[in-house]
There are 2 protein chains.
Amino acid sequence: MRIRIAECTVRYEGRLNAYLPSATRLVMVKADGCVAIHADGGAYKPLNWMNAPNTLTEDDHQWIVINPKGEKLIIDFGEIHFETALEMGEDPGLQKDGVELELQRLLAERPETFGERMELVRREFPTPIGPVDLLCRDGDGVSVAIEIKRRGEIDGVEQLTRYLDFLNRDTRLAPVRGIFAAQSIKPQAKLLCEDRGIVWVEVDYDDLKGTDSDVMKLF
Amino acid sequence: MRIRIAECTVRYEGRLNAYLPSATRLVMVKADGCVAIHADGGAYKPLNWMNAPNTLTEDDHQWIVINPKGEKLIIDFGEIHFETALEMGEDPGLQKDGVELELQRLLAERPETFGERMELVRREFPTPIGPVDLLCRDGDGVSVAIEIKRRGEIDGVEQLTRYLDFLNRDTRLAPVRGIFAAQSIKPQAKLLCEDRGIVWVEVDYDDLKGTDSDVMKLF
DNA sequence: AGTTCCATGTCGCGG
DNA sequence: CCGCGACGTGGAACT
């Protein structure tokens with residue numbers, strides 16, 4: 001990684017055009033070649049950047065970064081306050097836990113969370129406008145489309161409604177009822193569910209995970 | 001801004017839990033207090049971060065960053081390879097050009113893009129749930145609500161649908177038809193448009209800009 | 001403070 | 001590679 005702190009102006013020409021007037025900033029070049037220009041505040045993200053892969057052409061007071069798509073970043077330097085470079089090696093990467101996919105996996109294993117004799121038909125069941133998280137069949141043989149979110153908001157209810165519209169046009173499936181599941185659901189989203197005859201369920205991630213672990217222990 | 005390059009492990013506990021095994025990384029603390037942890041590659045964005053406002057508690061080999069929402073970032077340091085701090089001052093900020101607003105301006109000048117005798121009634125026409133980008137009237141005197149996006153996706157169609165719902169309740173305007181305009185429109189968004197009787201149009205920004213420049217040149 | 005919506009979104013998965 | 005949806009989305013504008 002290479003770091004330069006300097007007066008600079010920056011011009012970006014690509015998906016849009018953007019310009020940074022002269023100021024002191026930190027310019028970071030990572031080992032993979034990506035470039036980021038940080039101000040001292042305002043946001044954790046850089047003001048301007050260029051992703052790898054790209055080519056960096058430099059002379060005394062100007063760097064030009066161009067990527068294969070033809071996007072261009074031009075950095076003009078004034079006074080350089082500081083510069084260093086050092087090897088940091090590979091990063092093992094971030095381990096995440098508790099996102100939607102995990103929730104979907106756990107719930108796919110325990111469809112009875114949604115009803116006594118609920119059975120999973122398919123995860124990511126395809127519709128013309130995208131896949132439904134879970135398609136199940138309840139004890140009476142009725143199809144149930146389940147949309148899972150980490151946080152239940154109106155968007156998610158809209159999404160499930162669209163899926164239901166399409167699924168209910170399929171005579172082999174119809175009628176299909178909907179269940180909206182999330183770790184927590186906003187009052188407005190609950191209201192919209194009720195208005196549309198969609199059942200909402202708040203599920204506890206830690207409970208599910210605990211149950212999951214218990215199941216694991218049995219084997 | 002303060003920069004430390006060091007061996008570290010990082011734990012984030014907040015909206016999810018995440019963990020970074022030991023490796024050499026750059027830790028950046030900006031003047032507003034936000035913290036970012038960068039690996040030497042992979043992406044221009046940090047692996048982990050904490051937005052301002054927050055409080056940083058530090059001792060010899062551990063920093064704990066907590067924000068008002070109770071999210072927590074814990075950085076345990078091993079060997080410190082490098083450290084510096086310096087003032088960079090305020091940043092004048094980024095000037096942008098070519099985003100949605102620009103597109104709206106260009107299209108407002110050329111309503112005939114959407115039909116032979118289309119006329120602009122108003123930009124940002126207000127509804128109870130927010131302004132419609134363009135309200136026009138076609139050659140037959142029928143009202144047309146136009147939603148403009150840079151990239152046309154399902155969300156935008158939903159948005160236009162909500163506007164149309166409201167506009168059609170206004171007896172002075174009804175019936176109002178909808179046009180969904182974007183530089184490119186996703187197939188599923190097209191499908192949803194067609195399903196709802198909304199006309200979609202893909203517009204070329206450079207063409208519009210060219211035409212715009214031509215118009216400018218005439219005067 | 002809460003809500004809505006844009007973004008050079010970025011990222012990852014599946015066809 | 002494209003299409004699609006999630007994201008600790010972030011961030012700004014407006015109520």
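Note on naming: letters A, B, ... go to the chains in the order of the sequence lines (proteins, then strands), and numbering restarts at 1 for each one. Quantities reported herein were computed from a predicted structural model and do not represent experimental measurements.
Scanning for salt bridge (Lys or Arg N to Asp or Glu O under 4.0 Å) contacts around Arg4(B) gives Glu83(B), with sequence neighbours left out. With sequence neighbours excluded, the residues that form a salt bridge (Lys or Arg N to Asp or Glu O under 4.0 Å) with Glu153(B) are Arg151(B), Lys186(B). Residues forming a ring-ring contact (aromatic ring centres under 6.0 Å, His included) with Phe114(A) (at least two apart in sequence, or on another chain): none. Every residue was checked against the ring-ring contact (aromatic ring centres under 6.0 Å, His included) condition with Phe125(B), not counting sequence neighbours, and none meets it.
Identified under the salt bridge (Lys or Arg N to Asp or Glu O under 4.0 Å) test for residues 28-39 of chain B, with sequence neighbours left out: none. Applying the ring-ring contact (aromatic ring centres under 6.0 Å, His included) test to pairs two or more places apart or on separate chains, those with a residue in residues 29-55 of chain B are His38(A)-His38(B), Tyr44(A)-Trp49(B), Trp49(A)-Tyr44(B). The list of salt bridge (Lys or Arg N to Asp or Glu O under 4.0 Å) pairs with a residue in residues 64-77 of chain B, not counting sequence neighbours, reads Arg15(B)-Glu71(B), Lys69(B)-Glu71(B). Sorted by first and then second residue, the salt bridge (Lys or Arg N to Asp or Glu O under 4.0 Å) pairs involving residues 39-59 of chain B (not counting sequence neighbours) are Arg2(B)-Glu58(B). Screening residues 125-137 of chain B for salt bridge (Lys or Arg N to Asp or Glu O under 4.0 Å) gives no qualifying pairs among residues at least two apart or on separate chains.
Near DNA chain D, defined here as any heavy-atom distance below 4.0 Å, the residues from residues 30-46 of chain A are Ala43(A), Tyr44(A), listed numerically. Applying a 4.0 Å cut-off to non-hydrogen atoms, none of the residues of residues 192-203 of chain A approaches DNA chain D. In the region residues 155-163 of chain B, proximity to DNA chain C at under 4.0 angstrom, judged on heavy atoms, holds for Gln159(B), Arg162(B), Tyr163(B).
Note on Gly130(A): only backbone sugar-phosphate atoms sit closer than 4.0 angstrom, heavy atoms only; bases stay farther off. Within the nucleic acid shown, Leu94(B) comes within 4.0 Å of at least one base atom, counting heavy atoms only. If you check every strand for non-hydrogen atoms under 4.0 Å, Met50(B) touches a base.
Along DNA chain D, the nucleotide nearest to Glu71(B) and the one nearest to Pro131(A) differ in position, and the one closer to the 5' end is contacted by Pro131(A).
At the phosphate of dA6(D), neither OP1 nor OP2 sits under 4.0 Å from any side-chain N or O atom of Gln104(A). Distances shorter than 4.0 Å separate some side-chain N or O of Arg15(A) from OP1 or OP2 on dT10(C).
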